[in-house]
Amino acid sequence: MMGLIFAKLWSLFCNQEHKVIIVGLDNAGKTTILYQFLMNEVVHTSPTIGSNVEEIVVKNTHFLMWDIGGQESLRSSWNTYYSNTEFIILVVDSIDRERLAITKEELYRMLAHEDLRKAAVLIFANKQDMKGCMTAAEISKYLTLSSIKDHPWHIQSCCALTGEG
Ligand SMILES: Nc1nc2c(ncn2[C@@H]2O[C@H](COP(=O)(O)OP(=O)(O)OP(=O)(O)O)[C@@H](O)[C@H]2O)c(=O)[nH]1
Ligand SMILES: [Mg+2]
């Protein structure tokens with residue numbers, strides 16, 4: 001009986017859930033990335049209204065992944081998802097040069113938010129399969145990532161369609 005209780009407590013302890021939010025402008029590829037993580041498959045997506053949430057388990061660690069719609073009208077409610085977030089995945093459409101400035105604004109707005117002060121940031125430079133896309137280094141420079149000292153961050157190039165990166 002004691003053994004069972006300890007086993008239960010242990011599993012509760014080990015299986016603590018980590019909250020991840022996936023943000024970025026509309027059409028960046030957030031939903032495609034979520035389902036690539038979940039099923040190693042490209043799903044047909046339509047613009048997300050509100051959010052999708054899925055649990056992913058990696059080596060006994062549970063991640064609750066919130067994929068949030070990126071359309072302009074939805075961005076003002078991103079902050080309703082921030083509480084207890086440990087990881088921010090910011091997805092960038094690497095071909096969308098015109099709107100990188102808007103992504104930059106949204107990034108620094110998030111980093112200044114009280115509820116995200118302990119969150120680590122992973123930036124995906126997505127759509128690396130597109131001809132003429134920006135590299136992760138170019139995006140990093142434009143977003144002045146090296147100036148971010150109060151949050152751990154990492155940038156990774158990827159292609160959600162192939163699962164690369
Ligand atoms: N070429 C290419 N297309 C991609 C890639 N990732 C996603 N897409 C396409 O980009 C479009 C938008 O993808 P979504 O995943 O729906 O984008 P989203 O960020 O969830 O958009 P919202 O829900 O509106 O915020 C879809 O047509 C995807 O197939 C990629 O790596 N390369
Ligand atoms: Mg979506």
Side-chain angles (χ1 to χ4, degrees), residues 17-58 61-113 115-116 119-145 148 151-165:
E17 209 149 52
H18 301 278
K19 182 174 170 187
V20 182
I21 58 171
I22 309 177
V23 290
L25 304 188
D26 46 295
N27 200 49
K30 299 178 294 295
T31 304
T32 312
I33 286 178
L34 174 67
Y35 289 100
Q36 181 63 252
F37 269 138
L38 196 70
M39 315 186 295
N40 284 312
E41 245 175 60
V42 175
V43 297
H44 179 79
T45 62
S46 44
T48 305
I49 308 297
S51 59
N52 302 300
V53 60
E54 299 286 354
E55 188 190 49
I56 293 180
V57 185
V58 184
T61 309
H62 292 233
F63 295 93
L64 201 61
M65 317 276 289
W66 289 87
D67 159 36
I68 308 171
Q71 289 176 59
E72 191 172 4
S73 57
L74 302 172
R75 285 176 219 151
S76 59
S77 51
W78 283 1
N79 60 14
T80 60
Y81 295 90
Y82 290 170
S83 66
N84 300 316
T85 295
E86 287 176 68
F87 302 97
I88 304 167
I89 297 182
L90 173 65
V91 181
V92 178
D93 177 346
S94 306
I95 198 80
D96 191 359
R97 291 171 191 269
E98 289 74 37
R99 295 201 301 165
L100 194 54
I102 303 172
T103 298
K104 186 175 182 178
E105 256 176 59
E106 294 294 347
L107 169 63
Y108 285 94
R109 204 196 317 278
M110 282 190 289
L111 294 181
H113 198 284
D115 291 348
L116 294 176
V121 191
L122 171 61
I123 297 127
F124 274 131
N126 192 34
K127 305 198 184 181
Q128 288 293 314
D129 57 308
M130 303 282 281
K131 213 172 158 230
C133 70
M134 297 174 283
T135 63
E138 283 175 88
I139 292 171
S140 177
K141 193 170 172 207
Y142 189 90
L143 298 178
T144 58
L145 297 182
I148 301 172
H151 293 79
W153 59 269
H154 177 75
I155 186 163
Q156 168 74 47
S157 56
C158 73
C159 172
L161 294 188
T162 61
E164 244 168 285

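Worth saying up front: this structure is predicted, and the values here are computed from it rather than measured. Just so you know, residue 1 is the first one in the sequence shown, and it goes up from there. Both ligands and their constituent atoms are indexed starting at 1 by order of listing.
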In short, A101 meets Y142 closest at the heavy-atom pair CB-OH, 3.5 Å
- Message: Both conditions, 6.0 Å and 45 degrees, for the charged tip of K19 above the ring of F63: are they met here?
- Response: no
Considering only heavy atoms from C-beta outward, does the side chain of F37 approach that of I89 to under 4.5 Å?
-> yes
Looking only at heavy atoms, the pair that brings F124 and G165 closest together is CE2-O, 3.8 Å
Would you say the Mg ion (ligand 2) has T31 as a near neighbour, meaning an N/O/S atom of that residue under 2.8 Å away?
yes
Note to self: Less than 4.0 Å is my threshold; does some heavy atom of V91 fall inside it relative to ligand 1?
What the structure shows: no
Of all protein heavy atoms, the one nearest atom 20 (O) of ligand 1 is T31 OG1, 2.8 Å
Any nitrogen or oxygen of G70, main chain or side chain, under 3.5 Å from a nitrogen or oxygen of ligand 1? yes
For G69, the atoms of ligand 1 under 4.0 Å from one of its heavy atoms are 25 (O)
Check your understanding: Backbone or side chain, does any N or O of A28 fall under 3.5 Å from an N or O of ligand 1?
Key -> yes
Counting heavy atoms under 4.0 Å, the part of T32 that contacts ligand 1 is both
(message) Strictly under 2.8 Å, is the Mg ion (ligand 2) approached by any N, O or S atom of N52?
(response) no
Atom 29 (O) of ligand 1 has as its nearest protein heavy atom L161 CD2, 4.0 Å
Give yes or no for whether the N/O distance cutoff of 3.5 Å, strictly under, is met between K30 and ligand 1. yes
Any heavy atom of M130 under 4.0 Å from ligand 1? The part involved is side chain
protein heavy-atom neighbour closest to atom 32 (N) of ligand 1 works out as D129 OD1, 2.7 Å
_Sidechain N-carboxylate O distance under 4.0 Å for K30, D93_ = no
min-distance protein heavy atom vs atom 6 (N) of ligand 1 -> N126 ND2, 3.1 Å
If you scan protein heavy atoms around atom 21 (O) of ligand 1, the nearest is N27 N, 3.0 Å
Between S51 and I68, the two heavy atoms sitting closest are CB-CA, 4.2 Å
Do G29 and ligand 1 have an N or O pair less than 3.5 Å apart?
yes
| said: Under a 4.0 Å threshold between the charged nitrogen and the carboxylate oxygen, would K141 count as salt-bridged to E138? | reply: no
- State whether any protein heavy atom lies less than 4.0 Å from atom 27 (O) of ligand 1. no
among protein heavy atoms, the one nearest atom 16 (O) of ligand 1 is T45 OG1, 2.6 Å
protein heavy-atom neighbour closest to atom 8 (N) of ligand 1 works out as K127 CE, 3.7 Å
The closest protein heavy-atom partner of atom 31 (O) of ligand 1 is A160 N, 2.9 Å
